[in-house]
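Structure first, then comments.
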2 protein chains.
Amino acid sequence: MDSFFRRNLINCLSGYKSLNLIATKNKKGVTNVAPFSQVFHIGAAPPLVGILFRPHTVKRDTLENILDTNFFTLNHVTPSFYQEAHWTAANWEGSEFEGTGLEEEKKGDFFAPFVKGSPLQLGCSLVETQTLQVNQTVLVIGSIDHIYIEEKGLRKDGSLDLNALETVTVSGLDEYHIGEKLGRLAFPKPGVNPTEL
Amino acid sequence: MDSFFRRNLINCLSGYKSLNLIATKNKKGVTNVAPFSQVFHIGAAPPLVGILFRPHTVKRDTLENILDTNFFTLNHVTPSFYQEAHWTAANWEGSEFEGTGLEEEKKGDFFAPFVKGSPLQLGCSLVETQTLQVNQTVLVIGSIDHIYIEEKGLRKDGSLDLNALETVTVSGLDEYHIGEKLGRLAFPKPGVNPTEL
């Protein structure tokens, strides 16, 4: 396999991935925003999120800003701005907000900016980092301190309707999708056929 | 927030997640299969995959089998068996394959079984594990040793058409979706509007 074919293939193997714009601000006040597909759930109590950073293949600004300032935001992407979200990965001079036309949203005195128009925004702070020996990938663990969700997406039981929020998902390095619900299934029990919730 | 509401909410926050059935076999020859949404890309050369195990909320059999035998398989899920995939998470006595009707597929002399009918199957071996101090989550890193993909989903450039493979994605703990493509975008450059690939 040549390296281009290999990179495309290996990045697709896990399946659909979450897509979040991570927004930060450095100590000089310059904001940054970049797309990440390696954000995942670490724990619910306390609410923790994990992010994998591969220093050689993604821009380092986000990681450096988090390590320097402790704060970052996660922002879901919708079809109305997924192209701008992709565009933030270009090698901009200055803030990607200015370059792409995405708008910063300031909330209270939270240090990092949010992405205006995102239907799900999380204000997070750094808890710990670990470097994986196997290939120097950096795992950042953050605490979820503030949650903002458009009302149409929040159900009474706490679950989210990602179809209603129009959350975008990514496959591989560059392909974007929305979700179409198959079903929501009740807690599984042995010997009892799965049923719709 | 009560703990039920909180658990539903926090598990949804990252967005759509990959869905894979992990199949293993213990030293006595008893097979196991269980759904996981915390599988992600660690590196392309060598090809590495990471899996997060939270010992208190998911069954431990999969983790124990991987640690004992070194081998596991990852298998994408399609709409035709997503209910059985969900069902494997029930507290079965004996193998979940027998309980749910999913079929094991043996390939060559690979120790762990694959899930028959899955359009993307990976044969993996254990590379290393790390325990996260913050909440004892276990990160397993595996090497991708064998790749089987239905031809209809593999493009010439190595990327996968997950829509064609009918790969299922999961949100929260219990909601399943297929993807609907918005677009595939060219490598982003500053000052040049994103274009379809």
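Everything numeric here is computed off the predicted structure, so don't read it as measured data. Labels below follow one simple rule: chain letters A, B, ... track the order of the sequence lines, proteins then strands, and each chain is numbered from 1.
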Using 0.5 Å steps for rounding, measure from the [atom1] atom of [X] to the [atom2] atom of [Y].
X	Y	atom1	atom2	result
B/Ser37	A/Phe40	OG	CZ	11.5 Å
A/Leu120	B/Cys12	CG	SG	9.5 Å
A/Tyr16	B/His76	OH	NE2	9.5 Å
A/Leu162	B/Glu175	CG	CD	7.0 Å
B/Leu182	A/Thr169	CG	OG1	10.0 Å
A/Ser171	B/Leu160	OG	CG	8.0 Å

For the interface with chain B, which of [options] has the highest count of heavy-atom pairs at distances below 4.5 Å?
options	result
A/Glu93, A/Gln130, A/Lys17	A/Gln130
A/Leu165, A/Asn20, A/Ile144, A/Asn11	A/Asn11
A/Val127, A/Leu122, A/Val49, A/Leu19	A/Leu122
A/Ala186, A/Gly183, A/Gly172, A/Gly179	A/Gly183
A/Val134, A/Thr195, A/Val39	A/Val134
A/Lys189, A/Gln133, A/Glu180, A/Glu84	A/Glu180

Exercise. Counting only heavy atoms not in A/Lys116, do more than 12 fall under 6.0 Å of its NZ?
Worked result: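 Open: at most 12 neighbouring heavy atoms sit under 6.0 Å from NZ of A/Lys116.
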Would you mind checking which part of [X] comes under 4.5 Å of any heavy atom in chain B, side chain (CB onward), backbone (N, CA, C, O), both or neither?
X	result
A/Val192	backbone
A/Ile147	side chain
A/Glu128	side chain
A/Leu197	side chain
A/Asp2	neither
A/Glu196	side chain

Closest approach of [X] and [Y], non-hydrogen atoms and distance?
X	Y	answer
B/Asp157	A/Asn8	O-ND2, 2.8 Å
A/Arg6	B/Ala44	NH1-O, 3.1 Å
A/His41	B/Leu52	O-CD1, 4.1 Å

Problem set entry | Derivation of the side chain to side chain contact (heavy atoms under 4.5 Å, CB included) call for B/Leu9 and A/Leu154 | CA-CA 8 Å; B/Leu9 175 58; A/Leu154 180 61; 4.2 Å; yes
For this session: Go through the atoms of B/His86 and report whether side chain, backbone, both or neither lie under 4.5 Å from a heavy atom of chain A.
Result: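 Both backbone and side chain.
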Problem set entry | Part of B/Gln38 lying under 4.5 Å from any heavy atom of chain A |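 Side chain only.
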Problem set entry | Working for side chain to side chain contact (heavy atoms under 4.5 Å, CB included), residues B/Tyr176 and A/Leu185 | CA-CA 8 Å; B/Tyr176 300 89; A/Leu185 300 179; 3.9 Å; yes
For this session: Verify, without hydrogens or angle tests, whether B/Asn91 (side chain) and A/Pro190 (backbone) share a donor-acceptor contact under 3.5 angstrom.
Result: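 Absent.
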Problem set entry | Stepwise side chain to side chain contact (heavy atoms under 4.5 Å, CB included) test for A/Leu74 and B/Leu13 | CA-CA 9 Å; A/Leu74 294 172; B/Leu13 292 179; over 6 Å; no
Exercise. Taking it one step at a time, do B/Asn193 and A/Trp87 satisfy side chain to side chain contact (heavy atoms under 4.5 Å, CB included)?
Worked result: CA-CA 8 Å; B/Asn193 277 297; A/Trp87 206 12; 3.5 Å; yes
